[in-house]
Amino acid sequence: MSHNNAVHSTSTCYRPSTSEDARKFPGQAIPASPLVLVHLDLKGAPPKVSYLAQVLPLFSALGAKGLLIEYEDTFPYYGELLPLRAPHAYSPQEIREILRLAHCFNLEVIPLVQTFGHMEFVLKHGVFSHLREVEGFTNTLNPHKEQSLQLVQAMIGQVMELHPDARWLHIGSDEVYFLGEGRESKEIIANTQITVQEIFLHHLKAVTSHVASAYSGVRPIAWDDMLRDANEQVLTESGVTHLLELMIWDYSPDLDIDKKVAMVAKYKQCGFQKLWFASAFKGATGVKEQLTSINHHLGNNNQWLKVAAKIPQELLQGIALTGWQRYDHFSVLCELLPVAIPCVAVCLQFLKHGEYSDQVIEQVKSFLGMTELENLGSISSGSFPGNKVLSLVTQLICNLRPELKELLEENKFVGGWFSPYHRRTNVINPVMVQEIQPATMSPRICI
């Protein structure tokens with residue numbers, strides 16, 4: 001995912017979504033045929049299957065038609081790929097149960113396997129470190145080594161083994177940072193007329209050709225960002241356009257509609273027959289954000305609906321509501337899935353109805369068992385799966401954290417006699433305990 005258009009929300013604790021806001025987002029619903037996907041980014045905080053069993057029927061009822069599942073290291077890789085499997089990875093039986101649940105609630109499942117960039121969870125391991133594009137960086141695969149393609153094919157093979165009914169496979173390929181900066185790439189660029197763009201396209205074609213030949217009827221999808229500035233002739237002649245469907249992503253609430261329409265026209269001209277859009281419902285407003293801004297994501301989805309209204313409807317295969325769990329393999333977690341359930345509910349209903357009217361707001365409240373959407377940290381925060389997590393996180397951010405900051409940074413007795421040094425050495429002047437203790441017994445701190 002990109003950090004470039006991730007915008008920090010203006011308020012930490014208040015996430016307004018009122019009927020006044022509703023008037024800001026009139027529009028038209030997403031056309032009936034495209035698939036509306038909810039993206040489950042499982043890296044870092046994979047939900048228990050028992051929790052997914054509660055939220056999948058809710059997603060379906062709200063208007064979702066499928067799931068884009070990004071497993072990363074939570075997939076049960078085996079054999080030579082066993083190092084990729086995290087201790088908290090799902091078992092094969094759990095994957096099958098997730099797929100069974102999705103089928104029960106009429107949710108198409110599209111697995112996502114990173115095959116070029118965002119390969120940290122693979123290339124961090126010593127056994128695969130020789131396949132890095134740049135020796136010291138774990139993010140990008142070296143596309144010049146035969147073993148790199150073999151590795152990607154093995155990963156795809158194991159994922160498809162557990163997804164035999166998949167009609168699409170997302171092969172990632174976004175943010176392939178430092179491509180062209182490895183030793184082999186530099187030699188090729190210096191000694192030939194080959195460009196970084198052509199290196200990217202060559203690997204992309206190798207992966208998509210493998211999917212097409214090995215899995216009949218399965219269409220690859222890739223993120224579009226590495227192709228946005230591609231020369232149209234080079235892209236057309238690369239051979240990838242008839243093998244691949246692009247997913248155009250942008251998570252900004254003020255994305256440029258005309259530029260997106262022009263981008264769609266460029267991709268169509270180059271030969272792409274189907275395109276996807278990708279908006280967001282969480283994980284796009286700050287690397288360590290913990291509460292979800294409904295208005296930010298509602299505005300983003302509203303812009304995408306405007307783009308959809310200006311392009312040929314037959315081009316649009318679907319839209320994915322992305323829900324990033326962390327920005328890359330090594331970053332901290334951003335908003336947890338339960339915290340973002342109200343936001344995904346609002347976005348799904350908005351895409352379904354094409355507006356955020358008072359009636360839609362009431363429907364969302366009904367689905368979630370909420371009496372209000374204005375104050376998500378209220379004691380009565382709904383009956384939806386994970387509502388207690390939302391309530392506790394909100395209390396932590398809005399109440400406990402400011403009080404603790406004041407106590408630890410501004411209270412002179414804590415600063416002078418209960419510093420990190422004092423706590424580490426377990427030493428304190430007993431007289432000062434009577435000065436410090438009353439402040440620590442604040443009702444907010446004792447939540």
Side-chain angles (χ1 to χ4, degrees), residues 15 17-19 21-22 25-41 47 50-69 98-99 101-110 251 276-284 292-302 304-305 308 316 318-325 335-374 376 381-390:
R15 297 293 185 266
S17 56
T18 64
S19 57
D21 297 313
F25 302 109
Q28 65 179 64
I30 198 81
S33 56
L35 289 171
V36 176
L37 309 176
V38 174
H39 170 234
L40 295 177
D41 178 14
S50 57
Y51 181 70
L52 293 175
Q54 299 175 65
V55 296
L56 295 192
L58 178 62
F59 290 164
S60 179
L62 287 164
K65 300 300 181 184
L67 304 172
L68 177 62
I69 303 183
I98 292 171
L99 297 180
L101 289 167
H103 178 74
C104 285
F105 297 106
N106 300 309
L107 295 169
E108 178 105 26
V109 174
I110 301 177
Y251 313 135
W276 299 72
F277 295 159
S279 61
F281 73 89
K282 80 179 187 77
T292 304
S293 170
I294 291 178
N295 275 351
H296 177 102
H297 299 297
L298 189 58
N300 173 237
N301 281 280
N302 182 53
W304 276 118
L305 279 190
L316 186 59
I319 182 168
L321 285 160
T322 61
W324 300 102
Q325 191 53 76
E335 310 105 293
L336 298 173
L337 179 58
V339 171
I341 292 297
C343 188
V344 73
V346 165
C347 292
L348 284 170
Q349 282 286 285
F350 174 70
L351 291 177
K352 181 177 181 178
H353 297 285
E355 61 179 1
Y356 191 44
S357 62
D358 291 341
Q359 180 181 358
V360 170
I361 292 173
E362 290 306 313
Q363 287 179 335
V364 172
K365 290 179 183 178
S366 177
F367 276 118
L368 303 181
M370 301 179 73
T371 57
E372 59 176 334
L373 290 175
E374 292 82 0
L376 298 186
S381 57
S383 58
F384 63 88
N387 67 89
K388 291 182 180 179
V389 175
L390 171 59

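If you read the sequence from its start, that first residue is 1, and numbering goes on from there.
Heavy-atom minimum distance, Pro34 versus Gly318: CB-CA, 3.6 Å. Taking both residues in full, the closest heavy atoms of Pro338 and Val389 are given as CB-CB, 3.9 Å, listed atom of the first, atom of the second, then distance. Heavy atoms only, all atoms of each residue included: Cys343 and Ser293 are closest at SG-O, 4.2 Å. In terms of heavy atoms, Leu107 sits closest to Ala64 at CD2-O, 3.5 Å. Between Gly354 and Leu305 the shortest heavy-atom distance is CA-CD1, 4.0 Å.
Proximity of Ile319 to Asn301: side-chain heavy atoms (C-beta onward) are separated by under 4.5 Å at one or more points. The side-chain heavy atoms of Val360 and Phe350, taken from C-beta on, include no pair separated by under 4.5 Å. You'll find the side chain of Leu37 stays beyond 4.5 Å of the side chain of Leu321, heavy atoms only. Residues Gln349 and Phe367 have side chains in contact (heavy-atom distance under 4.5 Å, counting atoms from C-beta outward). With a 4.5 Å cut-off on side-chain heavy atoms, Leu68 and Leu40 do not count as touching. Within the 4.5 Å cutoff, the side chain of Pro342 has heavy atoms near those of the Leu368 side chain. For the pair Tyr51 and Leu337, the minimum side-chain heavy-atom distance is below 4.5 Å. Ile98 is listed as a side-chain neighbour of Ile69, based on a closest heavy-atom distance under 4.5 Å.
The CG atom of Leu56 sits 10.0 Å away from the SG atom of Cys104 when rounded to the nearest 0.5 Å. In this structure, Leu35 CG and Ile110 CD1 are separated by 6.5 Å, a value rounded to the nearest 0.5 Å. The structure places SG of Cys347 at 10.5 Å from CG of Leu62, a figure rounded to the nearest 0.5 Å. Note that the NE2 atom of His39 and the CZ atom of Phe281 stand 8.5 Å from one another [nearest 0.5 Å].
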Residue pair Thr322, Asp41: steps toward the side-chain contact (heavy atoms from CB on, under 4.5 Å) verdict: CA-CA 8 Å; Thr322 61; Asp41 178 14; over 6 Å; no

The test is side-chain contact (heavy atoms from CB on, under 4.5 Å); show your working for Phe59 and Ile341 and say whether it passes. CA-CA 9 Å; Phe59 290 164; Ile341 292 297; 4.1 Å; yes

Evaluate side-chain contact (heavy atoms from CB on, under 4.5 Å) for His297 paired with Tyr251, printing each intermediate quantity in order. CA-CA 8 Å; His297 299 297; Tyr251 313 135; 6.0 Å; no

Could you give me the CA-CA distance, side-chain angles and deciding distance for Leu336 and Leu390, then say whether side-chain contact (heavy atoms from CB on, under 4.5 Å) is met? CA-CA 9 Å; Leu336 298 173; Leu390 171 59; over 6 Å; no

Going through the checks in order, is the side-chain hydrogen bond (donor to acceptor under 3.5 Å, both in side chains) test met by Gln363 and His353? CA-CA 11 Å; Gln363 287 179 335; His353 297 285; 3.2 Å; yes

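When atom types are taken as modelled, the side chain of Asn106 and the backbone of Lys65 share no donor-acceptor pair closer than 3.5 angstrom. The backbone N or O of Pro385 lies less than 3.5 Å from no partner atom in the side chain of Gln54, so there is not a single donor-acceptor pair. Remark: side-chain polar atoms of Lys365 are not paired, donor with acceptor, to backbone N or O of Met370 under 3.5 angstrom. A donor-acceptor pair is defined here as one N or O able to donate and one able to accept, closer than 3.5 Å; no such pair exists between the side chain of Asn302 and the backbone of Leu298. A donor-acceptor distance shorter than 3.5 angstrom exists from the side chain of Ser60 to the backbone of Phe105, with no hydrogens or angles considered. The main-chain N or O of Trp324 is found under 3.5 Å from a side-chain atom of Lys282 such that the two form a donor-acceptor pair. Judged by distance alone, the side chain of Glu108 and the main-chain N or O of Leu67 form no donor-acceptor pair under 3.5 Å.
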